Amino acid sequence: MVTGGFVQMLRKRKELIPLIGFMAFAATGATSACFYFLFTKSDVILNKTSNPEPWERLDPTKAQKLITINQQWKPVEELEIVKKLTK
């Protein structure tokens with residue numbers, strides 16, 4: 001019954017059809033972007049108990065940003081020393 005009222009409203013007010021279309025497109029895009037970042041990016045964490053320090057497993061050769069311009073990775077000597085001492 002609710003959908004019948006919605007369809008009747010759209011028949012009376014045809015100017016709402018593009019607005020609803022754009023809103024549906026935006027909602028679909030936002031949802032798909034959330035799922036993309038959730039499953040492909042390493043900085044999004046779902047389970048902190050199994051991996052409390054996820055930054056330790058990052059691959060330095062893999063880009064973490066959407067656009068990377070002239071980025072070269074070099075290890076920081078002090079951090080490497082501290083990392084060796086803590087293990």
Side-chain angles (χ1 to χ4, degrees):
M1 192 70 165
V2 175
T3 57
F6 183 72
V7 172
Q8 288 177 356
M9 181 190 67
L10 286 179
R11 285 184 182 165
K12 288 181 183 177
R13 300 177 185 220
K14 294 185 189 284
E15 64 271 8
L16 292 179
I17 294 173
L19 178 65
I20 293 172
F22 284 124
M23 293 299 290
F25 180 74
T28 304
T31 304
S32 62
C34 288
F35 282 119
Y36 170 74
F37 289 126
L38 181 66
F39 293 117
T40 60
K41 299 299 180 182
S42 59
D43 56 346
V44 179
I45 304 168
L46 294 177
N47 187 1
K48 288 185 178 182
T49 57
S50 67
N51 189 9
E53 296 176 347
W55 54 88
E56 299 263 338
R57 295 185 185 177
L58 292 180
D59 183 16
T61 59
K62 182 180 175 188
Q64 299 296 322
K65 300 179 182 178
L66 289 176
I67 299 174
T68 305
I69 301 172
N70 297 330
Q71 179 180 2
Q72 295 179 354
W73 182 82
K74 295 179 183 176
V76 179
E77 295 176 17
E78 293 85 9
L79 292 177
E80 293 296 321
I81 293 171
V82 170
K83 190 175 182 180
K84 287 179 185 177
L85 291 175
T86 57
K87 286 188 177 184

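Note that this is a predicted model, so its numbers are computed, not measured.
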Separation of Lys83 NZ from Leu85 CG (nearest 0.5 Å): 12.5 Å
Applying the 4.5 Å side-chain criterion to the ILVMFWY set and letting contacts propagate, would Met23 and Met9 be lumped into a single cluster? yes
Are there over 12 heavy-atom neighbours, none belonging to Glu80, within less than 6.0 Å of that residue's CD? yes
Separation between CG of Leu10 and CG of Leu19, rounded to the nearest 0.5 Å: 10.0 Å
Between CZ on residue Phe37 and OG on residue Ser32, distance to nearest 0.5 Å: 9.5 Å
When you compare the side chain of Phe25 with that of Ile20, does any pair of heavy atoms fall below 4.5 Å? no
